[in-house]
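Take a look at the structure below.
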Amino acid sequence: MPELPEVHTIITDLKNSILGYTILKSLASDRYTIHPDKLSFINGIEGRTINNVNRVAKNILLELDNGRYIHFHLAMTGRLLLREDTKTKDNWTHLAMKLGNGQDIKYLKFTDMRMFGKIGLVDETELTTIRNAHGPDALESNLTTDRFLKLIKSKNSNIKNILLDQAVISGIGNIYATDALFMANINPHTKTKVITSNQAEKLLNAIKTILSESIQHRGSTLPDRMYVDIFGKEGTHQKYFRIYMKEKCPTCKTNVVVEKISGRSTYYCPTCQF
DNA sequence: ATGTTTGTTCCGAT
DNA sequence: CATCGGAACAAACA
């Protein structure tokens, strides 16, 4: 699924494409769970204008002119697609919205093959709940090494798990956690309690560097093409993966170890990461 | 057929 | 009561 850079790309493109557009009509599938329910969702969004688009962790929020927000989470296989007309048939479409600004018409669709994602209409209180469920954003400028160190030591687990825990620090997923640990020369099994301040600084820098690079590359699209931007185009950061999906360490050519950590494929170099 | 998959949440064990 | 780790959620592909 989309991690922070992919969601960031979607948010940026949406801001440039649909601000000031009104939701003229919407069509929702019966197979998908919509919060609070399909009818109140549709009644709550039709006729409303989109005033802003924001990201909270990997959540996408469209701010409406009635103080409420359309909430999307793409999970593993969700997509938001913006179409100029209705000719394109997109598989697994669970919500389609007709948008207009008095001049032109656009169609915004939410599709999700595996249906782990979320569609909802939330108020300010519910948005606060979503915000409070997440730790600081990985790219937040006031996230210092000291604060990062305290955060990762707040739980007793291995560093790979902690990086994926959105309640600790938000925005990082399996791919970027894997690459950041390689860049910081930290073995993914390392318990956070033994991580030093120097290691934390190096890791935080690696996280910020990798996420920023990926944003420059408009995110990563894996061979299954599950992530594409709102125009249906692939990202290019997969060309710049450091160790994710690699067979040999790019630094020392040792065979990369692939193993599951908490059910997620983790790649690391047994020589360079300790 | 079996094993994969970019995420999150819930439930059981400790 | 808090914390941790694995299973489950569902579908397509190799």
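Just so you know, these numbers use all the heavy atoms, side chains as well, and skip hydrogens, waters and symmetry mates. Order of the sequence lines sets the chain letters (A, B, ...), proteins ahead of strands, with each chain counted from 1.
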[X] [atom1] to [N] [atom2]: how many Å, rounded?
X        : N     : atom1 : atom2 : value
A:Gln166 : B:dT8 : CD    : P     : 4 Å
A:Asp165 : B:dT8 : CG    : P     : 10 Å
A:His134 : B:dT8 : NE2   : C1'   : 9 Å
A:Lys118 : B:dT9 : NZ    : C1'   : 8 Å
A:Lys193 : C:dC4 : NZ    : C1'   : 13 Å
A:Leu74  : B:dG7 : CG    : P     : 11 Å
A:Arg264 : B:dG3 : CZ    : P     : 18 Å

Under a 4.0 Å heavy-atom criterion, the protein footprint on nucleotides 5-14 of chain C, written with B, S and -, is SS--BBBS--
Under a plain distance cut-off of 3.5 Å, with no hydrogens placed, do A:His134 and A:Ser170 share a side-chain donor-acceptor pair?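 A:His134 and A:Ser170 do not have a side-chain donor-acceptor pair below 3.5 Å.
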All heavy atoms of A:Thr221 vs all of A:Gly235, minimum pair found to be OG1-N, 2.8 Å
Taking only the P atom of each, what is the distance from B:dT9 to C:dC1 in whole angstrom? 23 Å
Spacing of the P atoms in B:dC10 and C:dA10 (rounded, Å): 14 Å
Test log, rule side chain to side chain donor-acceptor pair (under 3.5 Å), inputs A:Thr254 and A:Thr271: CA-CA 7 Å; A:Thr254 299; A:Thr271 309; 3.2 Å; yes
Closer than 4.0 Å, any side-chain N/O of A:Lys58 to the OP1 or OP2 of B:dG7? yes
Think A:His73 has a side-chain N or O under 4.0 angstrom from the OP1 or OP2 of B:dG7?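 So the side-chain polar atoms of A:His73 never come under 4.0 Å of the phosphate oxygens OP1 or OP2 of B:dG7.
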If you apply the rule salt bridge (charged side-chain N to carboxylate O under 4.0 Å, His left out), what do you find for A:Asp65 with A:Arg48, and how did you get there? CA-CA 6 Å; A:Asp65 61 0; A:Arg48 304 269 63 90; 2.5 Å; yes
Check the angle between the aromatic planes of A:Phe241 and A:Tyr176 and answer parallel, tilted or perpendicular using the 30° and 60° thresholds.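 It falls in the perpendicular class, over 60°.
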Would a 4.5 Å heavy-atom cut-off, applied to side chains only, mark A:Ile169 and A:Ile152 as touching?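 No, their side chains stay 4.5 Å or more apart.
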Would you mind telling me which of A:Lys58, A:Arg131, A:Arg55 makes a salt bridge (charged side-chain N to carboxylate O under 4.0 Å, His left out) with A:Asp137?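 With A:Asp137 as partner, salt bridge (charged side-chain N to carboxylate O under 4.0 Å, His left out) holds for just one option, A:Arg55.
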Applying a 4.0 Å non-hydrogen cut-off, can you work out what A:Asp224 is touching in the nucleic acid: base, sugar-phosphate, or nothing? base
What does A:Tyr244 touch in the nucleic acid at a heavy-atom separation under 4.0 angstrom: a base, only the sugar-phosphate, or nothing? sugar-phosphate
Do other residues, nucleotides or ligands put more than 12 heavy atoms under 6.0 Å from A:Lys153 NZ?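 Enclosed: over 12 neighbouring heavy atoms sit under 6.0 Å from NZ of A:Lys153.
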Please say whether more than 12 non-hydrogen atoms of neighbouring residues, nucleotides or ligands are located less than 6.0 Å from NZ in A:Lys15.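 Counting other residues, nucleotides and ligands, NZ of A:Lys15 exceeds 12 neighbours.
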Please give the stem ranges for DNA chain C, sorted by first residue number, where a stem is three or more consecutive Watson-Crick or G-U pairs and both donor-acceptor distances are under 3.5 Å.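 If one scans DNA chain C for consecutive Watson-Crick or G-U pairs, the stems found are B:2-5 with C:11-14, B:7-14 with C:2-9.
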